[in-house]
2 protein chains.
Amino acid sequence: MAPDRRKMIVEAATKSFSLFGYKATTMDQVAKLANVGKGTIYTFFKNKEELFEEIISSIVKEMIVEADAAIQPNLPFTENVHRALYRLLEFRSQHQLMIKLVQEEAEMGTLAVSEMLQHVENEIVVYLKQKIELAITKGAIPPANTEITSYLLLKMYIALVSDWERNHAPLSSEQIADIMKVFLLQGLPR
Amino acid sequence: MAPDRRKMIVEAATKSFSLFGYKATTMDQVAKLANVGKGTIYTFFKNKEELFEEIISSIVKEMIVEADAAIQPNLPFTENVHRALYRLLEFRSQHQLMIKLVQEEAEMGTLAVSEMLQHVENEIVVYLKQKIELAITKGAIPPANTEITSYLLLKMYIALVSDWERNHAPLSSEQIADIMKVFLLQGLPR
DNA sequence: TTTTGACTAATTTAGTTTTTCGGTCAATTA
DNA sequence: TAATTGACCGAAAAACTAAATTAGTCAAAA
């Protein structure tokens with residue numbers, strides 16, 4: 001049984017990135033963890049950053065699967081927006097690697113990490129945008145600038161799920177659903 | 001005519017903070033600019049940070065005046081929310097000192113600057129909260145958690161006015177008003 | 001053909017010295 | 001006498017240097 005070296009490398013790198021962050025993970029470290037010569041890594045990946053990209057890409061795919069699983073076609077569109085977005089941010093706040101990367105960005109501002117987190121955010125916006133466009137063609141919601149709307153929706157959830165916690169006690173899923181219902185369903189005024 | 005030393009110090013410090021940022025402004029610099037001995041500064045202010053606080057405080061007061069001026073009692077509440085918030089963020093994005101401080105926070109993460117910007121944000125939330133509470137007692141909008149609502153409103157505007165510009169062309173006041181109208185007035189679904 | 005790890009150039013870190021700066025206070029001024 | 005000043009101090013930051021680390025390469029080994 002020939003071991004799948006590529007897979008071992010990806011697994012070792014994921015573990016190390018999760019434990020020590022991107023910067024503090026050395027390629028020697030990954031090679032050793034993967035039981036592989038360092039040169040072997042470079043037969044599969046052009047460089048450290050490309051290895052990182054591959055790992056982030058598959059995490060994004062995981063996130064999309066999670067979000068899709070949260071959606072229930074019989075529920076109203078706005079309810080599903082909430083369920084999907086909440087699941088996405090929950091994933092981000094529970095996934096070891098994501099936690100570590102957010103921490104590394106805050107503490108050391110590693111460029112490659114900032115870019116990657118930005119990339120993840122973009123992917124989420126694209127995902128949302130598709131859902132919104134689908135809802136518009138189905139007539140569930142009126143036409144709007146889907147790019148800005150998706151962007152704003154994500155920012156609203158990040159504000160409630162992550163930013164709020166910097167200075168206040170965390171909000172429960174229900175609290176977030178309640179406040180978002182105001183904006184998603186009827187707007188402020190009575 | 002005895003010169004008002006306190007005022008000269010505050011003006012010199014404001015100018016220097018605006019030009020070079022907080023960290024790069026030295027007390028010797030401020031003293032020289034203010035035509036004052038360094039010791040004199042310390043007869044009016046306990047330390048550099050307190051001098052900074054005084055300047056930020058008066059800027060916050062200016063901002064509140066600006067926001068209030070944007071409000072027109074005959075317009076609907078949500079329209080005024082937009083006008084006040086837009087004016088506040090416009091102020092922030094046009095005021096030399098604010099621009100410099102935001103830049104300094106991003107580039108060097110100066111602690112005192114982060115704290116001060118956080119403080120400004122809090123002041124805005126408090127201001128908004130008061131307006132919302134007033135609107136609730138007047139029956140213009142239904143009761144809600146005013147703290148979270150104000151916070152979320154501010155974050156939405158920051159997202160549209162500042163964050164969006166990091167990766168896209170700036171949005172016009174009208175575009176922002178349009179997208180906010182969706183969330184403030186009717187909600188997503190038709 | 002695939003894998004490897006010693007090797008290299010470039011970057012980062014650690015250690016040291018020098019400079020700068022916030023804040024004080026004895027001397028000076030008004 | 002009260003207000004003002006700037007030389008002075010310790011602490012903190014910057015500049016500099018030497019040493020160590022590390023991403024990526026490639027000739028040799030498997």
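Side-chain atoms are counted along with the backbone in the values below, which use heavy atoms only and exclude waters and symmetry mates. Each chain gets a letter, A, B and so on, in the order the sequences are listed, and its residues count up from 1.
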Within 6.0 angstrom of Lys100(B) NZ, more than 12 heavy atoms from elsewhere: yes
How many Å lie between CD on Gln29(B) and P on dT20(C), as a whole number? 14 Å
Counting just side-chain N and O atoms, does Arg5(A) come under 4.0 Å of either OP1 or OP2 of dT3(C)? yes
Are Thr43(A) and Arg5(A) linked by a side-chain donor-acceptor pair shorter than 3.5 Å? no
Can you see if the side chain of Lys32(A) gets near the phosphate of dT22(D) - specifically, an N or O under 4.0 Å from OP1 or OP2? no
Nearest-Å distance for atom pair NZ/P, residues Lys23(B) and dT20(C): 15 Å
Can you check each nucleotide of nucleotides 23-30 of chain C against protein heavy atoms at under 4.0 Å and return B for base, S for sugar-phosphate only, - for none, in 5' to 3' order? BBB-----
Atom CG of Asp4(A) to atom P of dT3(C): distance rounded to whole Å? 10 Å
Is a salt bridge present between Lys131(A) and Asp68(A), judged by a nitrogen-to-oxygen distance below 4.0 Å? yes
Ignoring hydrogens and angles, state whether a donor on the side chain of Asn145(A) or Tyr151(A) is under 3.5 Å from an acceptor on the partner side chain. no
Could you tell me how far apart Ile41(A) (CD1) and dT2(C) (C1') are, to the nearest whole angstrom? 15 Å
Walk me through whether Phe77(B) and Ile132(B) qualify under side chain to side chain contact (heavy atoms under 4.5 Å, CB included). CA-CA 9 Å; Phe77(B) 173 70; Ile132(B) 290 176; 4.1 Å; yes
Taking Asp163(B) first and then Lys155(B), would you say they form a salt bridge - that is, a charged N and a carboxylate O separated by under 4.0 Å? no
In whole Å, I'd like the distance from the CE atom of Met8(A) to the P atom of dT2(C). 19 Å
